[in-house]
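Below: the structure, in structure tokens.
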Amino acid sequence: MDKLLIRGGRRLQGEVSISGAKNAALPELCAALLCAEPLTLDNVPRLQDVATMLALLRRIGVQVERAEDQPARVCLAAGGAIDPVAPYELVKTMRASILVLGPLLARFGRATVSLPGGCAIGSRPVDQHIKGLRAMGATIAVEHGNIVASAGRLRGARITTDMITVTGTENLLMAAALAEGETVLENAAQEPEVTDLAELLIAMGAKIEGHGTGRIRIQGVERLHAPAVPHRIVPDRIEAGTFLCAVAAAGGEVVLRDARARHLDAVIAKLREAGVTVEAGEDWIRVRADARPKAVSFRTSEYPAFPTDMQAQFMAVNCIADGAAKVSETIFENRFMHVNELVRLGAQIQVDGHTAMIQGAPRLSGATVMATDLRASASLVIAGLVADGATTVERIYHLDRGYDCMEAKLRALGADIERVR
Ligand code: EPU
């Protein structure tokens with residue numbers, strides 16, 4: 001199994017290009033199921049989760065091609081025979097497989113999707129996806145571990161989810177695009193990835209208003225088509241935020257290319273509070289850290305507030321900061337798995353329920369640590385960049401699920417980091 005070996009203590013310097021967003025790519029690949037014409041997506045990141053989604057779509061009957069000369073371009077054609085089944089072997093490795101449910105049901109009137117189980121960061125049910133599709137007229141049963149759904153043409157409905165759910169909003173948005181009549185999604189997720197999906201659907205002929213707000217209105221159409229020009233996936237705000245935190249912790253000056261600061265307002269505000277200099281233009285961000293950061297408290301919440309997907313990485317910054325900070329996680333019940341590993345590196349953290357108290361230490365000391373989920377892995381890498389001596393991060397398959405060439409990008413910025421077996 002691959003590991004990362006990091007020798008800490010180097011400042012980061014230079015430029016790094018941010019890849020397309022994982023959490024926009026996953027639903028947008030599924031949007032190919034909504035039309036018979038081939039859909040081309042640009043800026044598709046090279047990640048394990050994308051490979052898993054492409055394997056699932058191929059298994060369903062979608063033809064998938066990646067251009068040899070343009071590896072970030074993927075063409076998907078769902079015009080042939082379809083087997084609308086997402087089996088357990090694939091769903092158990094990636095919960096986002098649930099995103100085929102809405103499109104399959106809307107276009108083909110049936111779908112069988114293995115019910116995702118719990119995962120390392122929480123129980124993560126999909127009851128709201130099911131509730132919304134039922135409100136649109138689908139018949140859904142859970143049998144032998146599968147969600148078995150069928151419907152005639154879905155009907156528009158007014159749907160208020162019990163909580164804000166990102167993939168739930170995306171599933172219902174895709175289903176509503178082909179439903180008969182108007183759907184109103186109340187309490188909708190406002191994440192930039194949802195907005196990017198809505199923009200893709202609009203380019204495919206969908207009638208959508210209010211994306212980027214808590215109320216999305218969709219007038220269903222009978223048919224969607226390929227967009228006139230390939231859709232370019234929005235840059236990954238979490239990858240960008242991870243590099244910002246890496247610089248805040250390790251020190252240095254880095255320019256992020258293809259990064260959107262306006263999607264990172266809450267994270268950038270906290271970095272500034274920590275004493276880090278951040279400047280930005282339309283598609284770039286410059287970050288400079290000359291001194292030990294100040295500890296800053298924060299609380300995760302839905303967009304536009306501080307993202308749960310940045311909690312672990314910012315906690316790593318707090319571990320070496322000056323002062324004490326309180327971090328509250330409100331989205332997932334078990335998203336502090338990185339804490340015990342950070343403690344192995346010398347961090348001083350106490351967890352009480354959904355709150356972690358961090359007392360910044362002037363130094364961390366390298367050790368072998370184990371990645372437990374995607375963002376936890378990123379926080380261990382950041383800690384390893386600052387720790388004295390060598391840090392080995394094991395189980396980095398978690399990191400490979402969601403970061404496009406992270407160690408190569410960090411090495412290009414001057415970090416001493418290598419992949420070893
Ligand atoms: N929830 C329910 N029922 C539902 C749906 C959600 O109870 O039917 C609960 C969840 O258990 C959780 C909360 O609602 O407590 C929010 O979950 P949400 O549905 O928004 O999460 P998700 O759609 O499964 C996406 C991202 C996650 C990210 C969360 C929150 C994708 C593919 N995944 O997950 O990304 O943490 O939104 O922003 O978009 C990651 O990239 O590392 C990652 C975990």
Side-chain angles (χ1 to χ4, degrees), residues 19-31 45 47-50 52-53 56 91 93-102 113 115-135 140 142 147 159-174 185 187-197 214 233-234 236-242 263 266-267 300-313 329-335 337-338 354 371-379 397-404 406:
S19 301
K22 167 179 86 77
N23 290 347
L26 296 175
E28 290 174 14
L29 293 169
C30 295
L47 310 171
Q48 189 51 45
D49 273 9
V50 165
T52 306
M53 186 60 89
L56 172 59
V91 177
T93 63
M94 188 183 66
R95 305 175 52 82
S97 308
I98 190 72
L99 286 163
V100 299
L101 179 62
V113 177
L115 187 67
C119 81
I121 61 176
S123 63
R124 304 182 75 184
V126 290
D127 55 306
Q128 301 301 309
H129 304 229
I130 294 174
K131 173 177 116 171
L133 292 169
R134 280 193 178 131
I140 302 184
V142 177
I147 303 168
I159 301 166
T160 307
T161 44
D162 295 359
M163 77 291 293
I164 297 174
T165 154
V166 175
T167 49
T169 302
E170 291 164 347
N171 239 335
L172 298 176
L173 183 58
M174 289 190 276
L185 301 178
N187 211 18
Q190 302 177 32
E191 270 65 5
E193 295 76 22
V194 177
T195 304
D196 202 53
L197 170 65
I233 295 174
V234 67
D236 196 316
R237 65 193 164 102
I238 305 300
E239 188 197 12
T242 301
H263 293 162
V267 174
T300 66
S301 193
E302 294 86 359
Y303 189 83
F306 194 99
T308 174
D309 289 345
M310 282 302 303
Q311 180 255 108
Q313 302 90 312
E329 169 61 51
T330 75
I331 306 291
F332 292 112
E333 64 267 27
N334 195 26
R335 215 175 193 181
M337 302 271 285
H338 42 286
H354 289 180
T372 49
D373 76 67
L374 170 57
R375 308 305 171 186
S377 322
S379 81
Y397 55 83
H398 290 293
L399 193 75
D400 294 335
R401 288 186 57 174
Y403 287 93
D404 190 348
M406 190 193 229

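Hydrogens, waters and symmetry mates play no part in the numbers below; they use all other heavy atoms, side chains included. Each ligand, and each atom within it, is numbered from 1 in the order the structure gives.
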### For atom 14 (O) of ligand 1, closest protein heavy-atom neighbour
Met163 CG, 3.4 Å
### Task
Using a strict 4.0 Å cut-off to heavy atoms of Ile331, name the atoms of ligand 1 that fall inside it.
12 (C), 15 (O), 16 (C)
#### Entry: Part of Leu374 within contact of ligand 1 (heavy atoms, under 4.0 Å)
side chain
#### Entry: Nearest neighbour in protein (non-hydrogen) for atom 19 (O) of ligand 1
Thr165 OG1, 2.7 Å
### Query
Would you call Arg134 and Asp127 a salt bridge, using N to O less than 4.0 angstrom?
no
### Task
Tell me which part of Glu170 gets within contact of ligand 1: side chain, backbone, both or neither, using heavy atoms under 4.0 Å.
neither
### Query
What residue and atom, counting heavy atoms only, is the protein's closest point to atom 3 (N) of ligand 1, and at what distance?
Asp127 OD1, 2.7 Å
## Note on the structure
For atom 36 (O) of ligand 1, the closest protein heavy atom turns out to be Asp309 OD1, 2.6 Å
### Task
For Gln128 and Asp162, test the side chains for any donor-to-acceptor distance below 3.5 angstrom and give the result as yes or no.
yes
### Task
Could you tell me which atoms of ligand 1, counted from 1 in the order shown, lie closer than 4.0 angstrom to a heavy atom of Gln128?
3 (N), 4 (C), 8 (O)
### Query
Do the side-chain N and O atoms of His338 and Gln311 include a donor-acceptor pair separated by under 3.5 angstrom?
yes
### Task
Check ligand 1 against Thr167 and write out every atom of the ligand that is under 4.0 Å from a heavy-atom position of the residue.
22 (P), 23 (O), 24 (O), 31 (C), 32 (C), 39 (O)
### Query
Heavy-atom distance to atom 6 (C) of ligand 1: which of Ala120, Ala376, Pro125 wins?
Pro125
### Query
Is a donor on one side and an acceptor on the other found under 3.5 Å between the side chain of Glu191 and the backbone of Tyr303?
yes
### Query
Which atoms from ligand 1 have a heavy atom of Val126 less than 4.0 Å away?
4 (C), 8 (O)
### Task
Using a strict 4.0 Å cut-off to heavy atoms of Val166, name the atoms of ligand 1 that fall inside it.
18 (P), 19 (O), 20 (O), 23 (O), 25 (C), 37 (O), 38 (O)
### Message
Do the side chains of Lys22 and Asp404 get close enough for a salt bridge, i.e. N-O under 4.0 angstrom?
### Response
no
### Task
Output the list of atoms in ligand 1 that are nearer than 4.0 Å to some heavy atom of Lys22, sorted by atom number.
40 (C), 41 (O)
### Message
Starting from atom 21 (O) of ligand 1, what is the nearest protein heavy atom, named by residue and atom, and what distance separates them?
### Response
Phe332 CZ, 3.9 Å
### Query
What atoms in ligand 1 come closer than 4.0 Å to a heavy atom of His129?
8 (O)
### Message
Looking only at side-chain N and O atoms, does Asp373 offer a donor or acceptor that is under 3.5 Å from a partner on His398?
### Response
no
### Query
What is the closest protein heavy atom to atom 33 (N) of ligand 1, and at what distance does it sit?
Asn23 ND2, 3.6 Å
### Message
For Asp309 and Arg335: C-alpha separation, side-chain torsions, deciding distance, then whether salt bridge (Lys or Arg N to Asp or Glu O under 4.0 Å) applies.
### Response
CA-CA 10 Å; Asp309 289 345; Arg335 215 175 193 181; 2.7 Å; yes
### Query
Does the pair Glu193/Arg237 count as a salt bridge with the N-to-O cut at 4.0 Å?
yes
### Task
May I ask you to identify, for Arg124, whether its side chain, its backbone, both or neither come under 4.0 Å of ligand 1 on a heavy-atom basis?
both
### Message
Looking at Ser377 and Ala371, would you say the former's side chain and the latter's main chain have a donor-acceptor pair under 3.5 Å?
### Response
no
### Message
How far is atom 41 (O) of ligand 1 from the closest protein heavy atom, and which atom is that?
### Response
Arg375 NH2, 2.8 Å
### Task
Would you kindly specify which portion of Arg335 sits under 4.0 Å from ligand 1, judged on non-hydrogen atoms: side chain, backbone, both or neither?
side chain
### Message
Tell me whether Asp400 contacts the main-chain N or O of Gln48 through its side chain, where contact means a donor paired with an acceptor under 3.5 Å.
### Response
no
### Query
Any side-chain donor-acceptor pair under 3.5 Å between Thr195 and Gln190?
no
### Task
Could you list the atoms of ligand 1 found under 4.0 angstrom from a heavy atom of Thr308?
30 (C), 36 (O), 38 (O)
### Message
To check you understand the geometry: which heavy-atom pair defines the closest contact between Met174 and Leu99, and what is its length?
### Response
CE-O, 3.7 Å
